[in-house]
Amino acid sequence: MNEHHATPKWRDGLLISLLALVAYLLCGRFAWHGLDSIAFLNQYSLGGTVTEPPWHTFYMPLLHVGHDLVTPFGGGAYRGGLLISAAGTAIGVWFTHAAARALGVNRATAIYAALLVATMPATTYFAVVVEVPGVVLAFSGWTWLCIAHWARKPGLGTAVLAGVSLAVAYLAHPTAAFVGLTMLPIYQLAQPVPRWRPLLFGTAAALAVLLIGMLLLPHLVNALGGSSNGSGKALEFLRNRSSKAHARGFTRILVDEWLVPFLPIHLPLLTMLLRRGSRLVVAGCLVAALPFVLASWLLLVEQECEHGAYATAICGPLAIAVAMHVRSHWWRALSLALGSATSIVLGIGLQETSQALATASAVESSVRGRDLRWLIADGAGPDGRVWLTRYPNCKPTLLAYLLQNQPEKLAANLDALDAMIAAHATAGGVSIVTSNTLEELANVAPLFPPARIIEDWLLAHRGPALGHADGVEVFAVQSHN
């Protein structure tokens with residue numbers, strides 16, 4: 001029976017992506033990768049806003065959707081963030097399979113390519129945490145499919161569509177614009193005897209559309225009430241960070257951002273260099289990967305590790321290239337096992353800190369189901385992280401906002417906070433502060449005197465100890481009204 005008639009081309013990809021989605025959601029971590037996600041969730045949770053950091057245009061609106069989907073099940077913004085990370089990665093897996101089939105590869109090879117992406121350390125890591133790369137993978141995936149259609153049937157229409165997809169992916173993250181570099185290896189995969197004129201014409205057309213999109217789409221997003229200035233902010237960030245890059249750090253970047261996160265892919269790519277017929281494809285893949293490795297080297301300082309976050313934007317085309325050239329079932333199984341094992345090791349490393357666990361335990365023993373108002377020094381501190389992951393329905397007060405928002409009105413703001421605590425107590429709730437917050441304020445006070453005012457206010461309003469765990473204490477906060 002003809003393969004096309006036996007099994008619809010979309011069915012395998014859909015099944016793999018759904019299984020991946022379930023696995024990612026079941027493995028979702030209560031840990032944090034970096035500060036970006038903490039800032040996003042703080043912004044969202046405190047105001048319910050869908051405004052956006054200017055270089056991640058779609059993240060906050062999608063977080064809003066994710067939160068709406070998990071709210072009926074008692075989930076908070078953190079669970080919503082986990083959902084969109086898992087869903088974005090699973091969509092990227094589906095697009096990998098769809099792009100492979102669009103290139104005309106057989107069923108087994110397309111399944112293998114999708115499984116490579118689904119189990120790759122770089123993708124699985126960001127599928128189980130609240131972070132941007134998982135979401136960006138969905139937009140990058142669309143570009144892979146559009147480029148695959150262009151490579152299979154070169155023409156102005158398919159080239160323009162590829163350029164449009166690149167421009168949209170650029171809004172998701174500025175580095176996604178470099179996905180356009182995969183047009184060369186994907187074209188080589190689709191055309192065993194490449195015709196260079198269609199390649200140059202299509203690349204030029206897609207690049208022109210991308211540049212127009214980079215110029216116009218941010219203005220359109222801003223006009224619609226969003227926030228987009230990806231290139232400007234990204235270049236400013238690059239200038240500030242690149243001055244700290246040095247040659248000694250490149251080896252670490254190569255290991256942390258390429259060799260480990262893309263373990264199932266880069267080894268077959270190197271062996272492909274031994275085959276004359278695949279050397280051009282490998283060269284194209286390495287050229288596409290180089291800007292992402294260089295960006296990691298320029299942007300990441302000291303011991304920062306992004307686990308291949310930037311280069312995940314091209315993982316689909318790389319996986320397809322490898323899948324088309326690795327024929328041995330044993331090698332395919334070994335590569336998937338190697339990627340899965342590395343993913344598990346990285347996932348195990350995503351653990352809550354001992355301080356976070358102690359804070360959660362101390363708060364849980366203190367609240368006992370009562371309506372909670374939590375006074376927190378800073379949303380990025382240990383209390384803020386536990387609030388976002390475990391107590392999404394509590395009423396937080398970030399004391400740092402009292403300092404940032406018109407410090408000259410600090411006394412009036414504290415009086416308002418006192419009244420708020422009194423009203424909360426009247427309604428049967430409990431207001432708390434932990435030793436973490438008191439220590440944070442004490443550490444900041446020598447450099448920022450208003451922090452001392454808040455610390456003294458808390459000490460004056462501190463009530464009895466409600467609970468403790470492993471050095472973290474929880475105190476009631478009582479109104480003087």
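We count residues from 1, following the sequence as given.
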Listing request: all side chain to side chain donor-acceptor pair (under 3.5 Å) pairs with a residue in [range], at least two apart in sequence or in separate chains.
| range | result |
| --- | --- |
| residues 196-213 | none |
| residues 317-339 | T109-R332, Y112-S335 |
| residues 380-392 | E352-R390, E364-Y391, D383-T434, D383-N436, D383-T437 |

Pairing residues for Y125 by the ring-ring contact (aromatic ring centres under 6.0 Å, His included) criterion, not counting sequence neighbours: H33, H307
W144: ring-ring contact (aromatic ring centres under 6.0 Å, His included) partners, not counting sequence neighbours: none
Partner set under side-chain hydrogen bond (donor to acceptor under 3.5 Å, both in side chains) for S343, not counting sequence neighbours: T124
Non-neighbouring partners of [X] that pass side chain to side chain contact (heavy atoms under 4.5 Å, CB included), sequence neighbours left out:
| X | answer |
| --- | --- |
| I265 | M120, L269, L318, A319, V322 |
| L207 | L210, L211 |
| I212 | L216 |
| L286 | V282 |

Over 12 foreign heavy atoms within 6.0 Å of CZ, F178: no
Contact list for residues 147-167, test ring pair (Phe, Tyr, Trp, His ring centres under 6.0 Å), sequence neighbours left out: W150-Y187
Salt bridge (charged side-chain N to carboxylate O under 4.0 Å, His left out) pairs, two or more places apart, involving residues 131-160: none
